[in-house]
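Here is the structure we will look at.
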Amino acid sequence: MNRSFLRSSLTTLILFQAAALLGSTARAVSFDEKVRDASAIILGRCTAARSEMDPTGRWIVTYSTFKVEKALKGAHVPEVTIVTPGGRVGSVHQETVGVPSFRQGDERILFITPTERGSSVLFFDQGAYEVKRGIGGEAIIAPVASSLLLMDPQTGRVMQSEDTPRALRRFEDDVRSALSGEVRSRELSRSTAVPVRKGTAEPRSSVRTFVTEHPFLLLLVALGLLLALLPLVRRG
């Protein structure tokens, strides 16, 4: 087999796998961070779901309405409609890795965040929990099944979700504990805050953030580029 063709094919494969990896990975988010960043946390049951094309006609979005059974954070409202990318309109189906989907009758706990199109799920799959009913109707809360790869932001390694199935009462206690910790943290920050002169704080570079969170991906891309440039170096 032609070595040049083999090298080119290998380079293409590496770059393709790198792109696929980037599209299906996300930073692992701690439970406390989800509680802190959510504008609301609700326990509810899906009563209706509809999908439609967005105004551009290129993308499908789905609107899922939940009857709120309990508000774990935020004000209690009778119902909330969640918008997520993907869905089916006629014979056209679109699916996004890492985005939860809902059907009528699904009981879920959702961490909610506002968007331009309406309320959505914070951190997508990481912000949705399935409610399973055990013997006697006891509610067990577990993360929704996901094909998303979670990356440790410190090491860049793939990791398992820290969330484990737990009883609803324990889940609520964990939410309250996280909220209490957030309040204490704010109070501590206010009491120990030290004025800082403008220009002394160095903004975190978005490039540096990407490198820190995706070292394995960058290694694959670098290897692919090295293989692609090798023939040019030999000719020189």
Side-chain angles (χ1 to χ4, degrees), residues 24-52 59-89 93-150 159-179 182:
S24 60
T25 61
R27 176 177 65 89
V29 182
S30 69
F31 187 81
D32 286 0
E33 184 177 352
K34 287 185 281 190
V35 173
R36 181 194 68 204
D37 291 353
S39 61
I41 305 173
I42 62 107
L43 165 64
R45 187 178 298 274
C46 183
T47 58
R50 75 178 194 280
S51 299
E52 60 185 46
W59 311 109
I60 297 176
V61 292
T62 296
Y63 297 89
S64 305
T65 300
F66 282 80
K67 179 181 179 182
V68 178
E69 301 172 16
K70 180 180 291 189
L72 282 64
K73 179 182 180 181
H76 186 280
V77 294
E79 65 177 28
V80 60
T81 297
I82 302 296
V83 57
T84 51
R88 180 181 294 276
V89 175
H93 175 73
Q94 291 180 352
E95 183 177 354
T96 304
V97 174
V99 176
S101 59
F102 309 109
R103 296 179 297 179
Q104 186 173 349
D106 286 346
E107 191 174 12
R108 298 286 186 267
I109 285 182
L110 302 177
F111 288 65
I112 298 174
T113 185
T115 71
E116 294 181 357
R117 293 186 177 276
S119 297
S120 191
V121 183
L122 180 68
F123 302 119
F124 291 119
D125 275 353
Q126 296 186 74
Y129 291 79
E130 184 178 0
V131 181
K132 301 179 180 180
R133 295 289 175 176
I135 299 176
E138 180 185 14
I140 303 298
I141 314 302
V144 297
S146 175
S147 57
L148 195 66
L149 295 177
L150 300 181
M159 61 178 291
Q160 297 293 325
S161 171
E162 296 181 353
D163 281 331
T164 56
R166 63 199 113 165
L168 175 59
R169 182 176 300 178
R170 172 66 183 278
F171 192 94
E172 292 181 273
D173 287 344
D174 290 343
V175 170
R176 283 191 289 267
S177 177
L179 289 173
E182 179 186 353

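Predicted, not measured: the structure shown is a model, and the values here were computed from it.
No donor-acceptor pair closer than 3.5 Å links the side chain of S146 to the backbone N or O of G98. K34 contributes no side-chain N or O that, together with a main-chain N or O of F111, makes up a donor-acceptor pair within less than 3.5 Å. Side-chain atoms of S64 do not come within 3.5 Å of backbone N or O of A49 as any donor-acceptor pair. A donor-acceptor pair under 3.5 Å links the side-chain atoms of T62 to the main chain of G86, judged by distance alone.
Salt bridge D173/R170: absent, no basic N to carboxylate O contact under 4.0 Å. Ion pair R45/E107 flagged as a salt bridge, since at least one NZ, NE, NH1 or NH2 atom sits closer than 4.0 Å to an Asp/Glu carboxylate oxygen.
Residues R88 and I60 fail the side-chain proximity criterion, which asks for heavy atoms closer than 4.5 Å. S119 has its side chain out of reach of T81: every pair of non-hydrogen atoms, C-beta onward, lies at least 4.5 Å apart. Within the 4.5 Å cutoff, the side chain of L43 has no heavy atoms near those of the E172 side chain. Between R108 and V144, the closest side-chain pair of non-hydrogen atoms falls below 4.5 Å. The shortest distance between side-chain heavy atoms of T65 and Y63 does not fall below 4.5 Å. When side chains are defined from C-beta on, D37 does not count as touching T113, because their heavy atoms never get closer than 4.5 Å.
In this structure, the separation between CG on L168 and CG on L72 is 7.0 Å, given to the nearest 0.5 Å. A distance of 9.0 Å separates NE2 in H76 from CD1 in I42, rounded to the nearest 0.5 Å. Rounded to the nearest 0.5 Å, atoms CD (E130) and CD1 (I140) are 11.5 Å apart. One finds the CD1 atom of I109 at 4.0 Å from the CD1 atom of I141 (value rounded to the nearest 0.5 Å). Note that CZ of R166 and CG of D174 are 5.0 Å apart. Values are rounded to the nearest 0.5 Å. The structure places CD of Q104 at 7.0 Å from OG1 of T47, a figure rounded to the nearest 0.5 Å.
Residues meeting the ring-ring contact (aromatic ring centres under 6.0 Å, His included) test with F171, sequence neighbours left out: F31, Y129. Qualifying ring-ring contact (aromatic ring centres under 6.0 Å, His included) partners for F102, counting only residues two or more places apart in sequence or in other chains: F66. Evaluation of the salt bridge (Lys or Arg N to Asp or Glu O under 4.0 Å) rule for R169 yields no partner, not counting sequence neighbours.
Across all non-hydrogen atoms, the minimal contact from R103 to D106 is N-OD2, 2.7 Å. Nearest heavy-atom pair across L110 and A128 is CD2-CB, 3.9 Å. Closest non-hydrogen pair, I82 versus S120, comes out as CG2-CA, 3.9 Å. Of all heavy-atom pairs spanning L122 and A38, the tightest one is CD2-N, 3.5 Å. Smallest separation of non-hydrogen atoms from A26 and Q126: CB-NE2, 4.2 Å. Of all non-hydrogen atoms in P100 and V121, the two that sit nearest each other are CG-CG2, 4.3 Å.
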Residue pair R27, E33: steps toward the side chain to side chain contact (heavy atoms under 4.5 Å, CB included) verdict:
CA-CA 12 Å; R27 176 177 65 89; E33 184 177 352; 3.0 Å; yes
